[in-house]
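Down below is the structure, laid out as structure tokens.
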Amino acid sequence: MSEQRPRVLSGVQPTGALHLGNWLGAIRNWVALQDSHDTFFCVVDLHAITVPHDPARLAEDTLTTAALYLACGIDPGRSTVFVQSHVAAHSELCWLLNCVTPLNWLERMIQFKEKARKQGADVSAGLLDYPVLMAADILLYDADRVPVGEDQKQHLELARDIAQQRINARFAPRGADGEPLALLKVPEPLILGEGARVMSLTDGRSKMSKSDPNEASRITLLDTPELIVRKIKRAKTDPVMGLELGNPERPEADNLLGLYALLSGLGRERAVQECAAMGWGAFKPLLAEVVVEALRPIQQRYAELRRDPATLNAVLEAGRERASAVAEGTLARVRQALGFLRAR
Ligand code: TYM
């Protein structure tokens, strides 16, 4: 029965087309979890407005992201797929958590510091608050596990600390034996080694990112085969002959051969054997081909889904209903523990 399965929640921001990092670090792992877990996947549109955004694109990007979840193999028959802003409890729990989260916990978040540095004077309070909203997303669903890429580890630790130290330790009701009863479930991160950190095509030392102004730095799940070939052809290389994994002096070789190992299905050992003596000129077309072939079925399913907006909207509406029912229950528990007057 799905109720007894461990619960999973995760999400991606609808900021432009998703890239290989989002797929390999997160969504691909979600697909497998559907067999063994009670899975909730949201499109985190409230997170997408923590940096300046284009209102003319937000709704469309939200639909694109939801359609890509399904195209990648998320099955709405087994998973709850929904839009974060459709469930108002996310914003409300975020506020309640804000009031118990120390400011200095947020100021030391690496992702905040990096994004704030890039943005200069125009940093919003929402950007600082981003991880608290993320904590609310997770805690509302009593998630046991949160499958994410490596870059989200610190945010997951924050969510755990907020749940444990700031809510459960202070506000959990006591049982008959005087011991606190759990109010919020403390979630575990689920970060799988391979694909957890896909690097930029133009700099093997920085991660592939939607916010990099250089589009050549990433391959999106909707790039045409021609564009994929071109981006890989131009990807940064080094002057060394032969591909290898794990050499810190050769981050581009490690990243691109790692992608090849993963997407070809060969695995790391066999990919190394195949490419150890190969020059970049021979390797790049091979990599381009496996990327194109891996994305082809996703792109086909995506095109079908976008031709049928009624079905996609129905999936999101059913998801909203299921998600709201769970989220409202948790929110009511927290409101009561914090002492709010109940509305009549
Ligand atoms: P976002 O949209 O920045 O990233 C979505 C997911 O993609 C992973 N990821 C990567 N994995 C490997 N290599 C990369 N280069 C790479 N870039 C991104 C991220 O780790 C993430 O898993 N804050 C979250 C969104 C979020 C969330 C949540 C996640 C909001 N609420 C609740 C889990 C649970 C984020 O990073 O979005």
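Atoms within a ligand are numbered from 1 in the order they appear, just like the ligands themselves.
- Nearest to atom 3 (O) of ligand 1 among the protein's heavy atoms is Gln13 NE2, 3.4 Å.
- With respect to atom 33 (C) of ligand 1, the closest heavy atom belonging to the protein is Ser10 OG, 3.5 Å.
- If you look at Val148 next to ligand 1, the close heavy atoms, those under 4.0 Å, come from the backbone and the side chain alike.
- Where the criterion is an N or O separation shorter than 3.5 Å, residue side chain and backbone included, Leu9 fails it with respect to ligand 1.
- For Met208, a nitrogen or oxygen atom sits less than 3.5 Å from a nitrogen or oxygen atom of ligand 1, counting backbone and side chain alike.
- When the heavy-atom distances from atom 7 (O) of ligand 1 to Leu20, Asn22, Leu18 are ranked, the shortest goes to Asn22.
- When Ala196, Gly149, Pro14 are ranked by how near their heavy atoms come to atom 8 (C) of ligand 1, first place goes to Gly149.
- By the 4.0 Å heavy-atom criterion, Cys42 is excluded from the residues contacting ligand 1.
- Under the ring pair (Phe, Tyr, Trp, His ring centres under 6.0 Å) criterion, Tyr130 pairs with His47, His155, not counting sequence neighbours.
- Residue nearest to atom 16 (C) of ligand 1, selected from Pro187, Gly11, Gly21: Gly21 (by heavy-atom distance).
- His90 and Phe82 have tilted rings, their planes meeting at an angle from 30° to 60° on a 0 to 90° scale.
- Heavy-atom separations between His19 and ligand 1 include at least one value shorter than 4.0 Å.
- Judged purely by atom type and a 3.5 angstrom limit, Arg333 uses its side chain to pair as donor or acceptor with the backbone of Leu183.
- In this structure, Gln84 has no heavy atom closer than 4.0 Å to ligand 1.
- With Phe41, Trp30, Tyr130, Phe40 as candidates, the residue nearest to atom 35 (C) of ligand 1 on a non-hydrogen basis is Tyr130.
- A cation-pi arrangement, defined by a distance under 6.0 Å to the six-membered ring centre and an angle within 45 degrees of its axis, is absent between Arg7 and Tyr141.
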